[in-house]
Amino acid sequence: MLCLGIESSCDETGLALIDEKGIRASVLSSQIDLHALFGGVVPELASREHAKLLPLLFDELLEKAQIKCEDIQGIAVANGPGLLGSLLVGVAFAKSLALALDIPIVGVNHLHSHLSAVGLEYNTEFPALGILVSGGHTHLYEIKNFHEYKLLGKTLDDAAGEACDKFAKMLALPYPGGALLDMLGQQGELTKENKRIFPRPYTKNDNLDFSFSGLKTAAAQFLKVNPHLVLEALPKDAIASPQIHKERIKNAPQELSNAAAAYLYAIADTLAIKAKRSLEHFENPPKSLILAGGVAANSFVRERFSLFCKEEGLEFLYPSMKLCTDNAEMIAYLGRTMLCHGKSSGLDFPAYPRGSVLFN
Ligand code: KG4
Ligand code: ZN
């Protein structure tokens, strides 16, 4: 089945075509530069960009794959969680197309699709422990197969990516600062002492949920005591240049790099503490661990889970960089899997905003 995937849950507009052999073609347009001007994603602007770009990107996709519209046999669209306006643009586009072509459609959980993306690159053994760490979510799952997910724990406030972005912002790095913070941390040293600078928030309990807001507070207090570590703010017109930020990071004091390493290690270790605890909740012991979402690109998180998997005898799987951040390939892949298992949606399926209790 040739399946079209559509992603528009936040600030990336993506379309991809997948069949039994894998990815046929994909297109992606990021709005990151637009939102960087405002220090975060502006929902109304994001929806307008999706509405403007989707028809243009769709034509580009057909051209790239050298197919006609009528060749598409199924449609998958991210219908949550995300920004409601942005999701609705993608969902409306997908439904119109499904109606016009008279083909099946399925609403896909964006978070599940992040985890299923490894299926495009690896043979996955189930059950799998799924750890989804993104800008808006920190979720632990028992994955029975790519179309059956059981939520075991989630963040009660800030997500791991948000915790990275907020510390980066405190240091005068631009939004979203997670990757730059990682770069800074990689220059740092992880000694026994600085591994303990920051707390492992919300771990002294017996549940599987996360709360990273305490870590943000600890970082703010740390910078209050060490104000000399905050990087010098840049004039507004310099904000868009990645090269300038790379230079700023390269010239950062060692003490700051050490603090970034300590902060990222605290996040990675907190994730590992809860992941370890989750193993007791599996019906059958997991065979693999899937790490996905933007923060799965973080070097500290990857290293911590590589060790975790060795200790626990789990196969460690994570998508390649390209499939880590938001993309339409993962939507098309999970949607195609669902459609092949008879899981299609009626044309009346809704879009679910982030935080909706009906969707996780
Ligand atoms: O999954 P994603 O692309 O978008 C959603 O949130 O759905 O994740 C984006 C998040 C941002 O918070 C970004 O700063 C973070 O992932 N991120 C990183 C790294 N690369 C991206 N955080 C830490 N280290 C990285 N290398
Ligand atoms: Zn995402």
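The basis for the numbers below is simple: all heavy atoms, side chains too, and nothing from hydrogens, waters or symmetry mates. Start at 1 and go down the list; that is how both ligands and their atoms are numbered.
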Worksheet item: Should the pair K310 and F316 be classed as cation-pi, given the thresholds of under 6.0 Å to the six-membered ring centre and 45° from the axis?
Response: no
Atom indices of ligand 1 within 4.0 angstrom of [X] heavy atoms, with elements:
X	result
H114	1 (O)
A297	26 (N)
A179	18 (C), 19 (C), 20 (N), 25 (C), 26 (N)
T325	3 (O)
P176	14 (O)
G161	12 (O)
G136	6 (O)

Item to complete: Report whether V301 and M183 are members of the same hydrophobic cluster (ILVMFWY, side-chain heavy atoms less than 4.5 Å apart, transitive linking).
Response: yes
Discussion item. Hydrophobic clusters here meaning ILVMFWY residues chained together by side-chain heavy-atom distances under 4.5 Å, can you tell me if L256 and F222 are in one?
Written reply: yes
Any nitrogen or oxygen of [X], side chain or backbone, less than 3.5 Å from one on ligand 1?
X	result
D182	yes
G135	yes
G178	yes

Item to complete: Could you check whether the rings of H114 and H110 sit parallel, tilted or perpendicular, using 30° and 60° as the cut-offs?
Response: perpendicular
Worksheet entry | Structural part of D165 in contact with ligand 1, heavy atom criterion under 4.0 angstrom |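 Under 4.0 Å from ligand 1, D165 contributes side-chain atoms alone.
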Item to complete: Give, for atom CD of E49 and atom CD of E44, the distance between the pair rounded to the nearest 0.5 Å.
Response: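 Between atom CD of E49 and atom CD of E44 there are 11.0 Å.
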Worksheet entry | Nearest-0.5 Å distance, CD of residue E162 to NZ of residue K216 | 7.0 Å
Discussion item. Between H110 and the Zn ion (ligand 2), is there a contact where an N/O/S atom of the residue lies under 2.8 Å from the metal?
Written reply: yes
Worksheet item: If you measure from each heavy atom of H137 to ligand 1, is any distance below 4.0 Å?
Response: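 It does not, in that no heavy atom of H137 comes within the 4.0 Å cut-off of ligand 1.
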Discussion item. Could you check whether any heavy atom of C10 sits closer than 4.0 Å to an atom of ligand 1, since that is the contact criterion I want to use?
Written reply: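 Contact absent.
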Practice prompt. Quick one: look up the protein heavy atom nearest atom 17 (N) of ligand 1 and list residue, atom name and how far away it is.
Written response: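 Result for atom 17 (N) of ligand 1: G294 O, 3.6 Å.
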Fill in: Residue, atom name and distance, where the atom is the protein heavy atom closest to atom 24 (N) of ligand 1
N298 ND2, 2.9 Å
Worksheet item: Is the distance between the ring centroids of Y318 and F305 under 6.0 Å?
Response: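 Not close enough - the centres of the two rings lie 6.0 Å or further apart.
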Item to complete: Give a yes or no on whether the ring-centroid distance for F198 and Y263 is below 6.0 angstrom.
Response: yes
Discussion item. Nearest 10°: the angle subtended at the Zn ion (ligand 2) by D326 OD1 and H114 NE2?
Written reply: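 For OD1 of D326 and NE2 of H114, the angle centred on the Zn ion (ligand 2) reads 90°.
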Practice prompt. Return yes if a side-chain donor-acceptor contact under 3.5 Å exists between E7 and S9, otherwise no.
Written response: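 Distance-only check passes for E7 and S9.
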Response to the item:
With T138 as partner, the option from V295, D157, D209, L271 fulfilling side chain to side chain contact (heavy atoms under 4.5 Å, CB included) is L271
Worksheet item: So among L61, D71, I67, which one has a side chain to side chain contact (heavy atoms under 4.5 Å, CB included) with R24?
Response: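 Going through the options one by one, the only one that passes is I67.
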